[in-house]
Enquirer: 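Please read through the structure below; I'll follow up with questions.
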Amino acid sequence: MRAHLARVDAALVQALIAAALSFAHIHDIAMAAGQDGWKAWAYPISVDLLLVAAWRRLRSGTAKAAAWCWFVIALTASLGANVATAGLLDMTDVPAWLRILVAGWPAVAFLGGTLLAHSAPKAATDESSTELIQDQEDEPETTPETPAHPAAIEPTLSTSPVPVPTALVNHARKVAAEHRTRTGAPIDTPTLRARLGVPAPLAEAIAAQL
């Protein structure tokens, strides 16, 4: 237990040191580019927040391409400040292009953070429909009382105006085939309705297409 805590504490201390150094380097770059006072302190916060937002989107498993794009942008800004303050840049004579980058960074960070935090996952609709079909298939079978003279389903294509999705018809065919294999008799409309969990008119329309 103590060894595990020691590893966690060492990782935490290392993370705090790296964050403090990176924070100070971005602050120094902002100061050299003419962003003095509270503005110079806001720049490293903006970079770190964009990194956190991109990392959370990567962990969520959705829109990974956009998350990686903004993560690389924020990481480049952080690493660039670390390298620039290592003696490779004259802090008293910052080039014009760097001043432009520093001045435009807030708009870039705001755009990236908004897209990462408020964009809806694309696969939500598909996942919900898939879960609905799986729930219907996992429901326990409830066989209604068999009438005295069960009759096979007769095709009545012209009497059912209810539109039926092709995917639902295909699923109903599988249910009917499984029922015939298990009982040796064609499935009737009440049983089909109970298995699919659909209203009576829709069950009749599906039965007409089997």
Side-chain angles (χ1 to χ4, degrees), residues 1-138 165 167:
M1 183 65 180
R2 292 182 178 179
H4 178 69
L5 291 177
R7 289 196 300 270
V8 173
D9 292 343
L12 180 60
V13 171
Q14 182 67 21
L16 291 175
I17 293 174
L21 291 175
S22 180
F23 195 93
H25 292 159
I26 298 174
H27 170 268
D28 295 343
I29 288 292
M31 283 284 293
Q35 306 294 330
D36 55 352
W38 66 269
K39 293 180 288 185
W41 294 105
Y43 274 85
I45 297 175
S46 174
V47 174
D48 291 342
L49 287 178
L50 185 58
L51 277 171
V52 171
W55 177 248
R56 290 189 62 184
R57 177 53 63 92
L58 286 173
R59 293 289 300 274
S60 68
T62 58
K64 284 192 175 182
W68 272 115
C69 177
W70 289 108
F71 185 82
V72 170
I73 291 175
L75 187 62
T76 302
S78 179
L79 290 177
N82 295 341
V83 174
T85 53
L88 301 179
L89 179 68
D90 186 1
M91 303 296 288
T92 61
D93 186 16
V94 176
W97 62 266
L98 183 57
R99 293 178 181 271
I100 295 174
L101 287 179
V102 172
W105 172 258
V108 175
F110 175 76
L111 175 63
T114 302
L115 293 177
L116 290 172
H118 298 289
S119 58
K122 295 181 180 179
T125 303
D126 297 338
E127 292 178 357
S128 60
S129 60
T130 303
E131 291 176 357
L132 177 60
I133 294 176
Q134 291 178 350
D135 291 341
Q136 292 178 354
E137 293 179 350
D138 294 339

Enquirer: Is it the case that more than 12 heavy atoms not belonging to Arg99 sit under 6.0 Å from its CZ atom?
Expert: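 Atom CZ in Arg99 is crowded, with more than 12 foreign heavy atoms closer than 6.0 Å.
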
Enquirer: Given side chains that start at C-beta, do those of Val108 and Trp70 come closer than 4.5 Å, heavy atoms only?
Expert: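 Yes. Closest side-chain heavy atoms under 4.5 Å.
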
Enquirer: How many angstroms lie between CG in Leu51 and OG in Ser22, if you round to the nearest 0.5 Å?
Expert: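 Going from CG on Leu51 over to OG on Ser22, the span is 8.0 Å.
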
Enquirer: So which heavy atom on Leu116 is nearest to which on Ala67, and how close?
Expert: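 In terms of heavy atoms, the two residues are closest at CD2-CA, 3.9 Å.
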
Enquirer: Excluding sequence neighbours, so at least two apart, what forms side chain to side chain donor-acceptor pair (under 3.5 Å) with Ser46?
Expert: Trp105

Enquirer: Return a table of donor-acceptor pairs under 3.5 angstrom between the side chains of residues 26-40 and protein atoms on other chains or two or more places apart.
Expert:
none

Enquirer: Thr76: which residues meet the side chain to side chain donor-acceptor pair (under 3.5 Å) condition with it, sequence neighbours left out?
Expert: none

Enquirer: In the structure I gave you, are the side-chain heavy atoms of Ile45 and Phe23 within less than 4.5 Å of one another anywhere?
Expert: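 In short, these two side chains touch, coming nearer than 4.5 Å.
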
Enquirer: Any chance you could measure Ile73, atom CD1, to Trp68, atom CH2, to the nearest 0.5 Å?
Expert: 13.5 Å

Enquirer: If you look at every heavy atom in Leu50 and Gly112, which pair is closest and at what distance?
Expert: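 Here Leu50 and Gly112 meet closest at CD1-C, 3.8 Å.
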
